[in-house]
Amino acid sequence: MVIRTFFDEATFTASHVVHDPASRLAAIIDPVLDYDPSSGRTSHGSADAVVDHIRNNDLTVDWLLETHAHADHLTAAPYLQEKVGGKIAIGHLITTVQGVFAKLFNTGDDFRHDGSQFDRLFEDGDQFNIGSVPVIALHVPGHTPADLAYVVGDSVFVGDTLFMPDYGTARCDFPGGDAQALYQSVRRILSLPDHTRLFMCHDYMAEGRDYYAWESTVAEEREHNIHVHQGVTEKEFVAMRTTRDRTLDMPRLILPSVQVNMRAGFFPEAEDNGTRYLKIPLDVL
Ligand SMILES: [Fe+2]
C-alpha cells in the first residue's frame, strides 16, 4: 500500500491518496477545494495536484472518502469525481448532520437530508477494498455525530478525532459534537496494535515545532497525546475539552464549508440568473 499526502496550508488540511500497487486502484481521502471567502471564488490548485498524482502514477480511483462533513474547508470530491472518477462516501449519520444544517440554513425542499447526495454511506464495521487492501469503516463520533475513521491495511485515517500528540484532539462544540463520545472514539482507535500508523486530517504545527506533520502511531498517541494519553480519565478529558472549546473561534470557512460539504461537495442549484449562492445566517452561530 502506498500513501501520498497533500497538505493545504490555507486550511491546515492533510488529504491522503492511498493506492494498492498491484491493482493500481486508489482512494482519495478528504480532498480540498480551494476557496477564497473574500471573492467567493473556488479554484482547483490543491485538487489538481491530486489529479496529477493519480495520472502520473496511472491510478484508477475507486473511492473518494470523507471522514466527516468538514467545517474548515470545502471538499473537492465532486470535482475529482468528474476528473478521475470514484464513488463519494461518508458515514451514514451524515443524515443527522444534514438535518441540523438544513434547519440552520433553512434550505427548503431542494435539499434532501437523506444522504442521497453521496454514492455510499458507511456504517460502523462496514468493509470494502482498495484493490487487494482491505478497509474497515469505524464510526468515531464526538467531533461530529457522523465521523468515520478508515482502517486501511495497517493504517488508520483518523479524520478529526486525534491530532499529532503535541496538539491533542479535535473540538467537540459544533452542533451534535460530544466530548464524551470523542473520548470513547479515541480510546477505540488507541486500542489497536501499538505499531498501527495513524494519519491525521489536520495539523496546526504545535508550538515548539517548525514543520507540519500528519503521521503518528497508536503507541506514540497513547504515550504522548497531550489531551488523551494513557491515564487521562473520561471526566478529565471532558472537562478539558469543554473548557478549551469555549475559547475557540468559529473556523474561518465554517459557513461556506458546511453548506457545500453537507451536499457531498456539490454547490446549491443556480438561481434564475445562473449564479449559485451560499447563505450567511446572521447571529446564529
Ligand atoms: Fe472537522
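Only heavy atoms go into these numbers, but all of them, side chains included; no hydrogens, no water, no symmetry mates. For ligands, and for the atoms within them, numbers begin at 1 and follow the listed sequence. Given the structure is predicted, the values throughout are model-derived calculations rather than measurements.
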What lies under 2.8 Å from the Fe ion (ligand 1), restricted to protein N/O/S atoms, is H68 NE2, H143 NE2, D160 OD2
Return the minimal non-hydrogen interatomic distance between S257 and D72, and the atom names on each side. OG-C, 3.6 Å
Parallel, tilted or perpendicular, as decided by the 30° and 60° cut-offs, for the rings of H73 and H70: tilted
Given the rule in the salt bridge (charged side-chain N to carboxylate O under 4.0 Å, His left out) test, do D173 and R241 qualify, once you have shown the distances and angles that lead to the verdict? CA-CA 9 Å; D173 59 334; R241 193 64 267 174; over 6 Å; no
Cation-pi between R209 and Y211: NZ/CZ under 6.0 Å from ring centre and within 45° of the ring axis? yes
cation_pi(R263, F111) dist<6.0 Å, angle<=45: yes
Only one of F199, Y150, W63, W214 clears ring-ring contact (aromatic ring centres under 6.0 Å, His included) with F157; which? F199
